[in-house]
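Data block below; observations after.
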Amino acid sequence: MSSEHSHFHVVPAAINFKVFLALIGLTILTVITARINLGGPWNIVLALSIACTKAILVFLWFMHLKYSHAINRVVIGSALFFLIVFLGLTATDVFFR
Amino acid sequence: MEVESNYLNHEKGLKSWLCSVDHKRIGILYFIAVMTFFLVGGLFGLLVRLELLTPTRLFMSSDLYNKAMTLHGSVMIFMVIIPGIPAVLGNFVLPLMIGAKDVAFPRLNLLSWYFLMFGATLAVLAIVLGGVDTGWTFYTPYSIRSMEAVTVILFGAFIMGFSSILTGLNFIVTIHQLRAPGMTMMHMPLFGWALYAAAIIQIIATPVLAITLLLLIAERLFGVGIFDASIGGDPILFQHFFWFYSHPAVYIMILPAMGIISEVVSTFSRKTIFGYKAIAFSSVAISAISFFVWGHHLFVSGQSELAGAIFSILTVLVGVPTAIKLFNWVATMYQGSIKLDTPMLYAIAFIGLFLIGGLTGLFLASMATDVQLHDTYFVVAHFHYTMVGGVVMGMFSGMFYWMPKITGKMYNELWGRVSAVLAFLGFNVTFIPQFIMGSQGMPRRYHLYDPKFHAYHLTSTIGSWILGLGIVIAMIVLIKSFKKGSVAPVNPWGGTTLEWTTPSPPPHDNFAQIPTVTSRPYEYN
Amino acid sequence: MDILEKLFSFMLPEQATGTASIIDQIFYAIIGLSALVTILFFLVVVWFVIRYRRRREGEKTGTITESHKLEIVWTVIPTIVFVAIALWGWSAYRTLEHPPADAYPIRVVGKQWAWVFSYTLDGKEIQTLGQLNVPINRPIVLEMTSLDVLHSFSVPAFRVKKDVVPGLKTQVWFTSNKLGSFQTYCTEFCGTAHSKMLATVNVMPEQQFERWLRDEAAASTTASPSVLGARLYEFKGCKSCHTLTGVDDVGPSFKGLVGKRREFEEGAPVEAADENYIRRSILDPKSQIVKGFKPKMNSFVGQMTDEEIHQITQFIKSLH
Amino acid sequence: MSTINFEKGVIPSHHFSTVSQEYHAGILGIWLFLATEVLMFGGLFVAYAIFRNMYPSVFHDASQLLDMQLGAMNTVILIASSYCMAQAVHYTQKGETHHAFTLILLTILCALFFLGVKYFEYQHKFHEGLLPGMNFTHANATREMGIFFGLYFVMTGLHAIHILVGIGLMAWLLLRFKRNEFSPHYFIPVDGVGLYWHIVDIIWIFLFPLLYLIG
């Protein structure tokens, strides 16, 4: 039974601050790049990938998913997976009608 | 003789029940709630069948018939078979079965009961306000234009969704964190695995129902336009949103029932379950694949042919784990020592009826035959075979199996068996004619119908009386066993799972000392 | 396959198109398989229950708890059989989905609780309510849409069914090879009179169909506005709420309406109902709800041309 | 990377055998709840993705009507509040509860500021007639723009409700800090509310580019 985790990792203040700066930086980046028209789907791909990196930063450090039990990663991972299944299969209908 | 304290006489008074955080008492609270809703839903089912006795109007107007049909569907699904087995038997038995003193979050467990009651009162309010006539599926655009009570029942269903999420959340954490020492996942009884698989679906599917209902409420109040074609929205998108929850939801209903059948068949055949790993993994496989198949509800709704083909193939794949389970249960009986007590009777009824339910699903999974059978009484019979033949029979099998442990008294065995036989016969007389008239083209949700179907409807209505009688007898026998009946032994059926090691009824704290588990659950000799 | 057909043909309606047998074959195959599996299961369970009934408490029972060989067999075989059924169903669906190029188009409009079919003959549009007349042995394609909520056009005898969705064009096609009339149902719940939203498909010889079409086209050019208004009274659904007998229903009766004083729930009353009053209650009914009636009527903007409004007004005028 | 040892002198609730078992149960429970939040908003993102592909130009024009500066400022504020919350959890674990108290207060202020900006944006839209769906009355606008604003109001509205709930939770935390219930050995509620707040922030991180920055 999972009791070997009797200790708990404390995320140091320095890492929190670095993550904070990275998030602010990425926000500024996404605002700037939104103005340049990269043509085709690239604008949305770039905007989404920036948003995903920001989300991953928050997940791993602010929410200390990095140091949590593996089951928590499985939980949030499966939530995102079934979301993609939902979008994917609905798209096979809506855009091929 | 001093009565030893158990969870029933541990403390007295209504307040001790309504604010109890003991998983056993919450199980009883849910039992009372689910049984009342079952009576209400069943009554409306009988009224609908009575109205269909004659091709023309008998005693209901078309509007009233549509309201009765909608109410039968909504009450039975949201208030009876979704909370039914997990909240009543799961709450009571799971902690005992895995050697825990209580579920992980007792207070959330009580909150989930209040969510159900609050949601149910909203639904009752909707009936009083004029009723809902959209069918339990609330398809747009009709549900957008329908009367104002629909918003109230939508909000009620939204609230009840939280009850389901909290139960699922509680069970996942309980199974992960609170198993007795030595009970690895592969030593956990199969009812635990079934509740775990159902809880996964409750966690992942119910939020999408929540957002679907919110979007529909926003559509009705503010005209958001997403599902309304007049300004570019897409009514078929609502069907995608609705069925992404509602098809996995039918597996929330059936998986716990399958868990009960694994327990009952193994105990009443006094034989280790056949293929423990196969059944455990097929439960989780079902909950995973169930999220890929919802499109078979849209084969003829204007869905693209590509999506139809993909959904058709995925739908038949979800039938494979179910087939594996049916084979394993029958294989368990081989070389067993089978005793046909009431739980076993209901379990065998489950195997027979759910087999037919599953096989008739094949007609609806293949696109060509679905063109002929979609939205006819064939579909009505199919889902009643899985929902009543499956979930309700499984629920009664589980209730008769654990009632001695819950009440501490033995139920009346003779009347238990009578109820099983009556329910089985009545069920078949009610729904086999519906298969036939369905494939002949009799559409679903019809208040007035073509006289050529009269004979089938007549037989079906008579069958519904027998089914109703069987279920009422079963309920009386169960409820009476709270008051009267001989004192139940600690282990009336010779079960090997942990809940049979506690006295019946179990003490407030389940186990004085948490047991250690060494062997797999079903070792008989 | 034909033994299955003899055994289970009572479950399916008559076959009135060439393609119906494609679907019926799959139906018979699956029901044959299901019956076989159900009987096998029934026999095995009954045999086990009798053979291994409990003779005395605590007797020794078998020790087989799993057999990989058996489990692989009853995993692989159902998978193959099920996937085969799905693929067969899909290939049959493909042949039924795409109409032949020379199919005769008929437009179908589903609206709350009636089906309107419209044909075109050299530029003129002919409409029928609830009666779909088609020539025999000719592919017909129905281009369908809905004016309000979801409906579904289903003709069991033709093995044809497709939802009718507002804002989307859906289609079905068939080639009837049998004369006579066949029942049509609406199979998607659409409200109060969902069970009365029926229609009949009349399959007639080619010449009779051509002659009927020409007569209809001719009739619609010579008929007087009030006669055409009478047809509109039915087509546009006025009939379901306004009677012609003077007895009020969901809406006020049309009999003797012209010239009557009209008092409204709100707003100034109209002394004598005239053409403008009728026109406004068609285009903006909610602004002129007569006292004692509920605002149930939706606006007909976009659903009735000015000429049609003129025809219905002439018809109401003729009812004094 | 310092760690805290749990076992010293803390009694778990009656049905848990050890404190760390109770802790991990609590965290798993919170993550499961966060999964339901992600899936609920996920449904809205699916609807957004479908309608954006259906009407790309309409979404492009409608997005120009939104004020990008306000959106960017709100994003920065919410990231800052998320940082404060993460630090608050850090200091609670370190035992400096008074420091954590001020940080949570700061987070609440950021959240209130965010809602203020949102209120101003909504006010501006009501005034201009950019309302959802049917009652969309903005001049020279196509019919489908009602859908963009329908989605906009549902997404940002539901998000704003979650911010309000977050403020309520944090106020409840301040109360418990006052009664100094939290210590390096008992901080599950602080960690839980922190996780909830970070998910609300992540949802806005996705909302901002999708609604305001359609290139």
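All heavy atoms count here, side chains included; hydrogens, waters and symmetry mates do not. Predicted model only: the values in this text are computed from it and were never measured. Letters go in sequence order (proteins before strands), and every chain restarts at 1.
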Against chain B, label V165(C) side chain, backbone, both or neither, depending on which of its atoms sit under 4.5 Å from a heavy atom there. side chain
The interface call for R444(B) against chain C, heavy-atom contacts under 4.5 Å, is backbone
So for T315(B), is it side chain, backbone, both, or neither that comes closer than 4.5 Å to the heavy atoms of chain C? neither
Please round to the nearest 0.5 Å and tell me the distance separating atom NZ of K277(B) and atom CD of E71(C). 9.5 Å
Let me confirm one number: the CG-CD1 distance from L12(C) to I436(B), rounded to the nearest 0.5 Å. 11.0 Å
If you round to the nearest 0.5 Å, how far is CD of E188(C) from CZ of R445(B)? 7.0 Å
At a 4.5 Å cut-off on heavy atoms, which part of F299(B) comes close to chain C: side chain, backbone, both, or neither? backbone
Rounding to 0.5 Å, atoms CZ (F48(C)) and CE (M333(B)) come to a distance of 8.5 Å
Part of K452(B) lying under 4.5 Å from any heavy atom of chain C: side chain
Which atom pair, heavy atoms only, marks the closest approach of P235(B) to L150(C)? CB-CD2, 4.4 Å
Contact summary for T192(C) and D63(B), nearest pair of heavy atoms: OG1-OD1, 3.3 Å
Checking L448(B) against chain C: side chain, backbone, both or neither under 4.5 Å from a heavy atom? both
Note: vs chain B, highest number of non-hydrogen pairs under 4.5 angstrom among P166(C), S146(C), C190(C) is P166(C)
W90(C) atom CH2, neighbour heavy-atom count above 12 within 6.0 Å: no
Measure distances from I348(B) to the heavy atoms of chain C and classify the residue's part below 4.5 Å as side chain, backbone, both or neither. side chain
Validation row, ring centre F189(C) to ring centre F138(B) under 6.0 Å: no
Which answer fits Y334(B), side chain, backbone, both or neither, if we ask what part of it has an atom under 4.5 Å from a heavy atom of chain C? both
Under 4.5 Å to a heavy atom of chain C? For I144(B) that would be neither
If you compare all heavy atoms of S34(C) against all heavy atoms of F363(B), which two are closest, and at what distance to 0.1 Å? OG-CE1, 4.0 Å
Would you call the rings of Y446(B) and H194(C) parallel, tilted or perpendicular, where under 30° means parallel and over 60° means perpendicular? perpendicular
Where does I50(C) contact chain B at under 4.5 Å (heavy atoms): side chain, backbone, both or neither? neither
Interface residue of largest heavy-atom contact number with chain C, from S62(B), S439(B), A229(B), A331(B), under 4.5 Å: S439(B)
Under 4.5 Å heavy-atom distance to chain C, tell me which part of S269(B) shows up: side chain, backbone, both or neither. backbone
Looking at I351(B), D370(B), L326(B), L298(B), which makes the most heavy-atom pairs under 4.5 Å with chain C? L326(B)
Against chain C, label L362(B) side chain, backbone, both or neither, depending on which of its atoms sit under 4.5 Å from a heavy atom there. both
F274(B) and I64(C): CA distance, side-chain angles, deciding distance, side chain to side chain contact (heavy atoms under 4.5 Å, CB included) verdict: CA-CA 7 Å; F274(B) 187 91; I64(C) 310 160; 3.9 Å; yes
Chain C: which of F327(B), Y449(B), Y522(B) shares the most heavy-atom pairs with it under 4.5 Å? F327(B)
Does some side-chain heavy atom of V371(B) sit less than 4.5 Å from a side-chain heavy atom of V160(C)? no
Of T369(B), I356(B), D450(B), the largest count of non-hydrogen pairs under 4.5 angstrom with chain C goes to T369(B)
For H151(C), is it the side chain, the backbone, both, or neither that has a heavy atom closer than 4.5 Å to a heavy atom of chain B? neither
Scan residues 324-333 of chain B for pairs that pass side chain to side chain donor-acceptor pair (under 3.5 Å), counting only residues two or more places apart or in two chains. S262(B)-W329(B), S283(B)-K325(B)
Within residues 20-27 of chain C, residues adjacent to chain B where the heavy-atom gap is under 4.5 Å: I23(C), I26(C), F27(C)
Donor-acceptor contact present, side-chain T272(B) to main-chain T65(C), <3.5 Å: no
From E14(C) CD over to Q440(B) CD, what is the distance, rounded to the nearest 0.5 angstrom? 11.0 Å
Is chain B contacted by the side chain of E57(C), its backbone, both, or neither, given a heavy-atom distance below 4.5 Å? side chain
In terms of heavy-atom contacts, does NZ of K286(C) have more than 12 from other residues, nucleotides or ligands at under 6.0 Å? yes
With chain B, the option among P78(C), A157(C), G58(C), S154(C) that has the most non-hydrogen atom pairs under 4.5 Å is G58(C)
Given that the side chain runs from C-beta out, which part of R94(C) has a heavy atom under 4.5 Å from chain B: side chain, backbone, both or neither? both
Highest number of heavy-atom pairs under 4.5 Å with chain B: which of A92(C), C186(C), G167(C), S91(C)? C186(C)
F10(C) portion near chain B, given a 4.5 angstrom heavy-atom threshold: both
Atom group of I313(B) that falls short of 4.5 Å from chain C, counting heavy atoms: both
Find out whether Y185(C) and T376(B) are in side-chain contact, i.e. whether some heavy atom of one side chain is under 4.5 Å from a heavy atom of the other. no
Distance col, row L355(B):CG vs T38(C):OG1, nearest 0.5 angstrom, shows 5.0 Å
Heavy-atom proximity to chain B below 4.5 Å, by part of K196(C): side chain
Looking only at heavy atoms and a cut-off of under 4.5 Å, which of S366(B), G233(B), A368(B) has the most pairs with chain C? A368(B)
So, the side chain of R145(B) versus the backbone of D148(C): is there a donor-acceptor pair under 3.5 Å, distance only? yes
Spell out, as yes or no, whether a donor-acceptor pair under 3.5 Å connects the side chain of Q372(B) to the backbone of K161(C). no
Best-contacting candidate, T170(C), V83(C), T75(C), against chain B by heavy atom pairs under 4.5 angstrom: T75(C)
Contact summary for E59(C) and S337(B), nearest pair of heavy atoms: OE2-OG, 2.9 Å
